[in-house]
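Structure, as structure tokens:
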Amino acid sequence: MYYKSTRNSGVNVTSAQAIAQGISKDGGLFVPSEIPAVSMDDIKALGEMTYAQRALFVFSKYLTDFTEAEIRYCVDSAYNDKNFDTANIAELAHLFDGTYMLELWHGPTCAFKDMALQILPYLLTTSAKKLELNRKIVILVATSGDTGKAALEGFRDVPDTEILVFYPEDGVSAMQKKQMTTQEGENVGVCAIKGNFDDAQNGVKAIFTDEKIASELSAAGMMFSSANSINWGRLAPQIIYYVSTYAQLVKDGEINPGDKINIVVPTGNFGNILAGYYAKKMGIPVNKLICASNANNVLTDFIRTGVYDRNRPFHTTISPSMDILISSNLERLLYHLCGENDAQIREWFGALAQSGRYEVTDEVKAVLKDEFYAGCCDDVQTKECIREIYGKYSYTCDTHTAVAVKVYEDYKAATGDNTKTVIASTASPYKFSGSVLEAIGADTDADEFALVEKLYEASKIPVPASLAALKDKEVRFTETVDRYEMKDYVFRALGI
Ligand SMILES: *Cc1c(COP(=O)(O)O)cnc(C)c1O
């Protein structure tokens, strides 16, 4: 198995190279040269395994340059009951008849990004060892909140790595700030910057691409790498939970081997739903992949019309992790759908960079319609949906997940499709206690920890230990720097 670039089909690298490099030099994303198959016999066997064993099975098909022992080390380090608050790792809850919530938020930061960021550090350091890079890996992250914390938890105390996170001083919630500034670990650093998220992002990019900084780092025996969501090492782990869920549904007798399911995903950067597409192409019987967006509905329009147009207002919503106008991972899907035509991808994504718009061919439009359904809802509908399922099914879900539930209800009403359906639940409701309480009509005039208490009274879902512990945790990182001081901070933190 090799990996090609979406912008140059001639590129041929191993999975270790794809993961260590992150993005191809031509600006394209790495995609597998072929999609491996799972059979229904495999599915029956997987039903008897733990999540880590299922992960080993799927990874061994994609990371063919890794030894079994290497993959085992990665999956056992990540998917254990020290890092996750359930032995099942990904939990499957019943919402109503034939509809299941795939809870992907039982990891240390209570959001689905843990599913990939818990294992990425091990995939990355193992890749670096295999390639004999012999350098300490330094991860730089600019964050608007969730990714920074998930990356910090993933990389903390992982040998041969160091992680530094920058966040905009006034651009994250009080809870998110507390999560980051109290971060434990010997190899972590957290720093606020004076500016907004774009300033932090641009600062990190400038440091990444500065050759002088790179050579100073190299002289000190270090190299930069990225924990960015376009890294194949973040996408591959997401395929596993779809394969695992299908195996679990078969084992539990909810479906028969070969029965189709729908998969609904609250979508931002298109990584999570793309992993569902790969699972389908591997042989998991999927009827529709349902792409749910908030008021930032560029993907709804795209899937319905074949025109991608980012020239539209940006909305700040109560599902902030989906507030996105450019969904990077769509490039991978389109590469597969257009027959791996790299020239076509260069044209479309060139146009996107130039004018913010491109239109796909009629063939691609037809496949998009066939494989996907897309819908969106605004904040008012999101809150109504939270209240409705809280009232009807005594299930409390977060704002992102509610977008998916609402779009699924619309889909069902429009099509009458009764196929059993798995809805990806991407965050614990406690991460967005204020919005969730508001939706169910509770009083929200309190600080973030009091809100957590109130949500517990309303939902009776155990408060995640990591959030409960936050209140009494010591703040370790208080530094704020100007944008142009970010490089100095990095060098100081690394002791260069
Ligand atoms: C990141 C995130 C999403 C969006 O996932 P993509 O893979 O970017 O589409 C949805 N919900 C939550 C809670 C997230 O953190």
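Order of appearance sets the numbers: ligands from 1, and atoms from 1 within every ligand.
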Inset, instruction - Could you verify whether a donor N or O on one side chain and an acceptor N or O on the other, from Tyr408 and Thr421, lie under 3.5 Å apart? - result: yes
Legend entry - For ligand 1, the residues whose heavy atoms come within less than 4.0 Å (ordered by chain, then number): Phe112, Lys113, Pro266, Thr267, Gly268, Asn269, Phe270, Gly271, Asn272, Ser321, Met322, His400, Thr426, Ala427
Inset, instruction - Compute the ring centroids of His400 and Phe432, then answer whether they are less than 6.0 Å apart. - result: yes
Legend entry - Proximity of Tyr358 and Phe349 rings by center, below 6.0 Å: yes
Inset, instruction - Establish, yes or no, whether a centroid distance under 6.0 Å links the rings of Trp232 and Phe59. - result: no
Inset, instruction - Could you tell me whether the side chains of Asn269 and Asn329 share a donor-acceptor contact shorter than 3.5 Å? - result: no
Legend entry - Residues Ser5 and Asp342: side-chain donor-acceptor under 3.5 angstrom: no
